[in-house]
Amino acid sequence: MSVRVRYAPSPTGLQHIGGIRTALFNYFFARANGGSFILRIEDTDRERSTPEALEDLYSTLEWLGINYDEGPGKDGGFGPYVQSEREQLYKDKAAELISSGKAYPCFCSSERLDVIREEQKAAKKSIGYDRYCRGLSPDEADARIKAGEKYVIRLKVPLEGKTVFDDIILGQTGRKNKDINPDPVILKTDGFPTYHLANVIDDHAMGITHIMRAQEWIPSGPLHVLIYEAFGWKPPAYCHLPMVMGKDGQKLSKRHGSTSVSDFRKNGYLPEALVNFVSLLGWSYDDSREFFSMEDLCSLFSLEKINKSPAVFDYKKLDWFNGQYLRMKDPEELKEMLLPLLAGEGLISNPPSSGERGIFNGAFNIIRERLKLLNDVVPMLRFLFTDPGIGNAEDAIPKKMDASEAAKALVLGEKLLLEAADPPDASDEDACEAWDEVMDGRFREKAEKEKLKIGAMLQPLRLAVTASKVSPPLFPAIRLLGLDESLKRIKRLIDTLKNM
RNA sequence: GUCUCCAUCGUCUAGUGGUUAGGACACCGGGUUUUCAUCCCGGCAACGGGGUUUCGAUUACCCCUGGAGAUGCCA
């Protein structure tokens, strides 16, 4: 039997790291085994489901490169794949469970439920439904339904015995039936199923062979098995994935920082970096390899290498991966990703003029290895496309020097630049390199003569030109900015320093 | 409260009944360098505790402790 797995998110918020980790693992598993990966939308919570969340789901999957074989808009004979479009099925099935005595209608108000929950909490008793309606006779129940009373349908969880399931990762696990959530709601007042019912019905109907989901679902595993049994179905194989935690060891959530994929995208992460990093959360290949492309993962992934313990999401390591992938990226492709970011900040026009493009191309090589995030390009190159002002003039003063000495160093630099040849066009790489070298030589020579460290000579200049203590290499920066503009900024800083 | 799961460096992890317990990130040094970054070299750093089995347990079993999750008409 060929593998069929699914990712079944509920469109109630942005896709987050935990969710896509589950999606990815399912996807890898399907691909590695020649199976099918199915996308199912679990929108049975009508209060919280939103079209925006749905849109985010699709764009996230696409951005990451997860292609589903079956799902909304891609019928594989098991549709529809949106649960709200399967409403009747759940109602019918729930009714079936009532007739077979495996479930019963419950008329308790949510107010009453709140009250008993409070009482249980106060008494430090175990919390759950008190099965008040379980004993109602079918006739009475029917009558109340006919009278128009609101009701839910609850599963009749056996009072005795034990329900277990085999988990591929954890082995056999389960709990005593008396410890299972007492008679959980399977069909809500609004006629929609809860997760428990819908997931079982659909996984069965859609021929799902392996349920791969996060470990937070372990406690309801036995409950689901009970539902399968109530229908007389055989449960699929279970495989509970270790959870993804924040730095504090708690389940990863917003308060740990960015957790939605769209945030990472917005902040300048590459999908290949995110995929690679996330794939290593709870899974590993061997003791050394850690770079994996989507294709690699789709062939190398295996369940045996998943481990049991939760993994902390390490933002620093993700950053490192991103830097690695940024440097591996095809230069032309990377440029096309960077330009819109500059345009987005209003630093260049959109589309870029040929002049802007020329300057950017010239700058590309010197910023490339400095990028950790795509967005880093903006602060790095801002000075090239707009006057950054003076910045913090204090930063222009090298260690063990004062303002007037810094000004003197600047004047020396100014003079050298005044004598400099016009910089070549940025497209002539050899000439540019040569120009940079000539300048470097002259500055060193001068610094030596003046008994200055080369750094002390260049640091004030850096601040003058870029308004920042850190910048791309200085001579290329000056060359790209142009001598006139550079000199203007240098003069301005000299004046400022003299007045300090 | 009850139930369930988990436990190797700070983090992600590899690993084995006998290993100097390996790698990566982070961190700290050093080198390259014009600042930053890259790159290179080096360092720090772990089997939670107690028992049992065993000639020998980080590895198997039990208990404890610690952490997490579930306990919704959310998934």
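Keep in mind that what you see is a predicted model, and the values were worked out from it rather than measured. A note on names: the letters A, B, ... follow the listed sequences, proteins ahead of strands, and every chain is numbered from 1. Quick note: numbers below take in every heavy atom, side chains included, and nothing from hydrogens, waters or symmetry partners.
The residue A:Ile218 sits close only to the backbone: its heavy atoms come under 4.0 Å of sugar-phosphate atoms, none of a base. In this structure, A:Phe475 reaches the bases: a heavy-atom distance under 4.0 Å links it to at least one base atom across the strands shown. In this structure, A:Arg327 reaches the sugar-phosphate backbone alone: every heavy-atom distance under 4.0 Å involves primed, P, OP1 or OP2 atoms, never a base. Using a 4.0 Å heavy-atom cutoff across all strands shown, A:Gln83 reaches no nucleic acid atom at all. Among the atoms of the strands shown, only primed sugar atoms or phosphate atoms (P, OP1, OP2) are found under 4.0 Å from some heavy atom of A:Lys308. Residue A:Thr44 is in sugar-phosphate contact alone, with no base atom involved, counting any heavy-atom pair closer than 4.0 Å across all strands shown. Residue A:Ile454 is classed as a sugar-phosphate contact, given heavy-atom separations below 4.0 Å to backbone atoms only. Base engagement by A:Ser471 is indicated by at least one non-hydrogen atom pair under 4.0 Å involving a base atom. Among the heavy atoms of the strands lying under 4.0 Å from A:Lys124 are primed sugar atoms or P, OP1, OP2 only; no base atom is included. Here A:Gly221 lies out of heavy-atom contact (under 4.0 Å) with every strand. Here A:Ser468 lies out of heavy-atom contact (under 4.0 Å) with every strand. A:Leu281 comes within contact range of the sugar-phosphate backbone alone, with a heavy-atom separation under 4.0 Å but no base atom that close. Using a 4.0 Å heavy-atom distance criterion, A:Asn307 is classed as a sugar-phosphate-only contact. Counting non-hydrogen atoms under 4.0 angstrom, A:Ser309 reaches the backbone sugars and phosphates but no base.
A:Lys162 approaches A:Asn177 most closely through the heavy-atom pair N-ND2, 3.5 Å.
When rounded to the nearest whole Å, the span between CD of A:Glu47 and P of B:C73 equals 13 Å. When the C1' atom of B:C73 is taken as reference, atom CG of A:Asp114 falls 11 Å away, rounded to whole Å. Between the CG atom of A:Asp319 and the C1' atom of B:C27 there is a distance of 15 Å, rounded to whole Å. Spacing between atom NZ of A:Lys251 and atom P of B:C5 amounts to 18 Å, rounded to whole angstrom units. Summarising the geometry, the separation between NE2 on A:His224 and P on B:U71 is reported as 10 Å, rounded to the nearest angstrom. With rounding to whole Å, A:Asn181 atom CG is found 15 Å from B:U4 atom P. Straight-line distance from the CG atom of A:Leu371 to the P atom of B:U38: 12 Å, rounded to whole Å. Distance A:Trp217 CH2 to B:A70 P: 9 Å, rounded to the nearest Å.
Using a 30° and 60° split on the angle between ring planes, A:Trp217 and A:His196 fall in the perpendicular class, above 60°. Using cut-offs of 30° and 60° for the angle between ring planes, the A:Phe313 and A:Phe264 rings count as tilted. Ring geometry for A:Tyr285 versus A:Phe292: interplanar angle over 60°, hence perpendicular rather than tilted (30 to 60°).
B:G22 and B:U32 have their P atoms separated by 30 Å, given to the nearest Å.
Of all nucleotides present, only B:A60 satisfies the Watson-Crick or G-U wobble test against B:U52, with each distance under 3.5 Å. When both pairing distances are held under 3.5 Å, B:G1 makes a Watson-Crick or G-U pair with B:U71. If you check B:A7 for Watson-Crick or wobble pairing at under 3.5 angstrom, you find it paired to B:U65.
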Could you please spell out the steps behind the salt bridge (Lys or Arg N to Asp or Glu O under 4.0 Å) verdict for A:Arg442 and A:Glu445? CA-CA 5 Å; A:Arg442 290 190 188 167; A:Glu445 199 181 323; over 6 Å; no
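When each of A:His240, A:Lys308, A:Gln215 is checked for a side-chain hydrogen bond (donor to acceptor under 3.5 Å, both in side chains) with A:Asp167, only A:His240 meets the rule.
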